[in-house]
J.: 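The structure follows.
To find a chain, count down the sequence lines: A is the first, B the second, and so on, and within it residues start at 1. Predicted model only: the values in this text are computed from it and were never measured.
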2 protein chains.
Amino acid sequence: MQKKRVTLADVARLAGLSPTAASMILTGRPDTRLSAEAHAKVHAAAAELGYRPNVAARALRTDQSRSIAFISDYVATTRFASGLIRGALAAADAAKNVLLVLETGGEPARTLRAIEAALDRQVDGVILAAMRAREVFLPDIAISVPTVMLNGTNARLPISVLPDEFEGGRTAVRLLAEAGITDRLVLLGHNPEEERGQFRSEPISRRLAGIRAEMAAQGLTFADELSSWDWEVSNGYDLVRRLLRKDRPRGLLCLNDRLAFGAYQALGEAHLSIPGDVALVSFDNDELASYLRPGLTTIALPHQKMGQLAVELLLNGPLAAGERLVPMSAVSRGSLPATTS
Amino acid sequence: MQKKRVTLADVARLAGLSPTAASMILTGRPDTRLSAEAHAKVHAAAAELGYRPNVAARALRTDQSRSIAFISDYVATTRFASGLIRGALAAADAAKNVLLVLETGGEPARTLRAIEAALDRQVDGVILAAMRAREVFLPDIAISVPTVMLNGTNARLPISVLPDEFEGGRTAVRLLAEAGITDRLVLLGHNPEEERGQFRSEPISRRLAGIRAEMAAQGLTFADELSSWDWEVSNGYDLVRRLLRKDRPRGLLCLNDRLAFGAYQALGEAHLSIPGDVALVSFDNDELASYLRPGLTTIALPHQKMGQLAVELLLNGPLAAGERLVPMSAVSRGSLPATTS
DNA sequence: TGCATTTGCTAAATGGTTTTAGCAAAGGAC
DNA sequence: GTCCTTTGCTAAAACCATTTAGCAAATGCA
């Protein structure tokens, strides 16, 4: 007993006009010559019947579905990275679009399948997102709709939205310098191969480049650089524990918040106080940063803005090649001593 | 110069058959009488041309879009809750479906808009998800497709997938008892109104009910019950700090992992060791639990399985009313003393 | 008045698939 | 040889909105 869906023809009939007229009026065509009276009648009829256009029919005719695909390697691995989706969702919603979310696990075969599934559904655009910034796999298939990379790069698709890691790196160092932490400074998480851009992540190389640049500008040097391939909590803990056996740092520059959390644990065990004995600055503004005690001062990844920008780029095309860098801003909590100004 | 999309008519022409035949063969109709030769020719032609069906056209004709809507209050508020989406995504993908993700912020107006947007797009089913288990707003609109609640409840829509909180609560207490923690036991996060089911969350009431039931069964009582409206890290810290001023608990039963993390911080400051001085059990298996030192033993919310089940229910209909309870299993890390068996 | 233009609207085609109804040929029963 | 059934396939309608081309009436201009 499902009531049949209301179609445009129903609206037209009730308004005493043709479907043509109803369509033109409801889609708000600019140059039409239909009377004000006709407009009123159609709108009234549509409202009365609760008319909702059939998107499939419209898509068939116009090749536009008002939906865009968000294809990512992982869906919100970090709570914070889910900001990418959230930002995209908000921007899509604002433009009366809808997001098709697909997950690839980073696997080429699934990526291909995901792109095809999206294309089959007539999406108006594709966002290829990476939860952790890095070079992204792009299958060898022509994507016939506008496409942007989000938080990742690929040489074959030079349209991307990225955090401004270089400036972010500089900001972190500046924060330390401004807080008067200028010696016994240790870098946590650096990885030599990484820095040479060999592996993983071009954006992370930029983060390091920014750090180096600002260190030089401030005339500072690191007393030590502890490298680690993974950047998990346990790595931070192990590195700092080992460090504390020989040296006592004054400041720790951690390449992400999880490393910093590990550092907190090691410092706590050694009964060192933050920021009195050791100050910390970190990157990402992971959910963790606000949980720690004292709160962790960190350079935030602007995930939400990035997601939003990606959708806006797609929708407001045409797309120009190039990178859009979104600023990373410092979130000051308690892991740096208050500036004496 | 975009090559035009390959249509079914193209395939039929190449195969030397009618579109009717091609359609029947490619959709795998069971009772057709087309020859084996015809099957071979159509499949060959489709493969050669790289034919992909136009989902919009198919949706128009069949009212089925092979896509389902995942409408949630928040997208992955907790990193862990994103398991809901991930599970749904995996199950959808396995059935060659796609997920339309929409966020409502818990607002009635946005919820209504989201449902309409989904229905406009001919989704085959709707999942109404809540990131934090609770009573969910349901707008007064007829949803013409199969619908399930995920991690939330609503009296008007009695089809839901929920964690088995009652059994989960019992498991937590059993874990403590088995580890020999039977006195100076403190409950952390209980809220009297909550327990009476007045506010927020029916599922959480069940968690408490399970705890009470198993405590009684084991002949145990709580030495103290610390209540708090919010369950953030800082609440756990404050409560335990205050507790330590007068008492020293032997075991802490925390109602979620964030509270437990706060407890870790307070215990650490007081130089109490875990699990030697104080043992902890908690709920959720938030990402946090694995970061802590020692790791936090916690009763996991089976988010991924729940998301998967929700999609499977929709796809394998017909839907019977009722709750599907998904078991919560214990994840043992280091916050309980090893069992002496 | 006669012709051209503008105004206000509609008929019909279109998009790509599924599905209903049915056709022609072959085979079977008698 | 006739009639009925089965086999293998197709023509055409249907789904619903958009859009092109164009029609009839009214208006403008001389």
J.: For a quick test of your reading: what N or O donor-acceptor pairs under 3.5 Å do the side chains of residues 42-52 of chain B make, sequence neighbours left out?
T.:
from: B:His43; atom 1: ND1; to: B:His39; atom 2: O; distance (Å): 3.2
from: B:Arg52; atom 1: NH1; to: A:Asp120; atom 2: OD1; distance (Å): 3.2
from: B:Arg52; atom 1: NH1; to: A:Asp120; atom 2: OD2; distance (Å): 2.6

J.: Would you tabulate the side-chain donor-acceptor contacts of residues 6-18 of chain B under 3.5 Å, counting partners in other chains and residues two or more places apart, or write 'none'?
T.:
from: B:Thr7; atom 1: OG1; to: B:Ala9; atom 2: N; distance (Å): 3.1
from: B:Thr7; atom 1: OG1; to: B:Asp10; atom 2: N; distance (Å): 3.4
from: B:Asp10; atom 1: OD1; to: B:Arg13; atom 2: NH1; distance (Å): 3.3
from: B:Asp10; atom 1: OD2; to: B:Thr7; atom 2: N; distance (Å): 2.9
from: B:Ser18; atom 1: OG; to: B:Thr20; atom 2: N; distance (Å): 3.4
from: B:Ser18; atom 1: OG; to: B:Ala21; atom 2: N; distance (Å): 3.1

J.: Taking DNA chain D as the partner, which of residues 50-61 of chain A come within under 4.0 angstrom of it by heavy atom?
T.: A:Tyr51, A:Pro53, A:Asn54, A:Ala57, A:Arg58, A:Arg61
J.: Could you check how far CG of B:Leu8 sits from P of D:dT10, rounded to whole Å?
T.: 12 Å
J.: Would you mind reading off the distance between B:Arg66 atom CZ and C:dT17 atom C1', rounded to a whole angstrom?
T.: 14 Å
J.: Apply salt bridge (Lys or Arg N to Asp or Glu O under 4.0 Å) to B:Asp124 and list each qualifying residue two or more places apart in sequence or on a separate chain.
T.: none
J.: Rounded to the nearest angstrom, tell me the gap between atom CZ in B:Arg5 and atom P in C:dG16.
T.: 9 Å
J.: Mark up nucleotides 3-9 of chain C, 5' to 3', with B wherever a protein heavy atom is under 4.0 angstrom from a base atom, S wherever such an atom reaches only the sugar-phosphate, and - elsewhere.
T.: ----BBB
J.: A:Gln308: what forms a side chain to side chain donor-acceptor pair (under 3.5 Å) with it, not counting sequence neighbours?
T.: A:Glu312
J.: Could you check whether A:Ser23 gets within reach of a base, just the sugar-phosphate, or nothing at all, counting any heavy atom under 4.0 Å?
T.: base
J.: Mind listing the residues from residues 112-119 of chain B sitting with a heavy atom below 4.0 Å of DNA chain D? Number order is fine.
T.: none
J.: Take the protein atom CG of A:Asp120 and the nucleotide atom C1' of C:dT17, then report the distance between them rounded to whole Å.
T.: 13 Å
J.: Not counting sequence neighbours, which residues clear side chain to side chain donor-acceptor pair (under 3.5 Å) with B:Ser160? List them please.
T.: none
J.: Distance check needed: C:dT17 P versus A:Arg121 CZ, whole Å only.
T.: 14 Å
J.: Rounded to whole Å, how long is the line connecting atom CD of A:Gln122 with atom P of D:dA17?
T.: 17 Å
J.: For B:Asp164, enumerate each residue passing the salt bridge (Lys or Arg N to Asp or Glu O under 4.0 Å) test, keeping only those at least two apart in sequence or located in another chain.
T.: none
J.: Tell me, please, which residues at least two apart from B:Arg121 pass side chain to side chain contact (heavy atoms under 4.5 Å, CB included).
T.: A:Val55, A:Arg66, A:Ser67, A:Val98, B:Leu100, B:Ala117
J.: Name all residues meeting the side chain to side chain contact (heavy atoms under 4.5 Å, CB included) criterion together with A:Arg156; count only those two or more places apart in sequence or in a different chain, and write none if there are none.
T.: A:Leu138, A:Asp140, A:Asn154
J.: Could you give the angle between the helix axes at the two ends of the helix from C:dT1-D:dA30 to C:dC30-D:dG1, with five pairs per end, rounded to 10 degrees?
T.: 50°
J.: Can you tell me how far CG of B:Leu150 sits from CG of B:Leu162, rounded to the nearest 0.5 angstrom?
T.: 8.5 Å
J.: So, does the side chain of A:Thr20 form a donor-acceptor pair with the base of D:dT19 at under 3.5 Å?
T.: yes
J.: Below 3.5 Å, does any donor atom in the side chain of A:Thr62 face an acceptor in the base of D:dA17, or the other way round?
T.: no
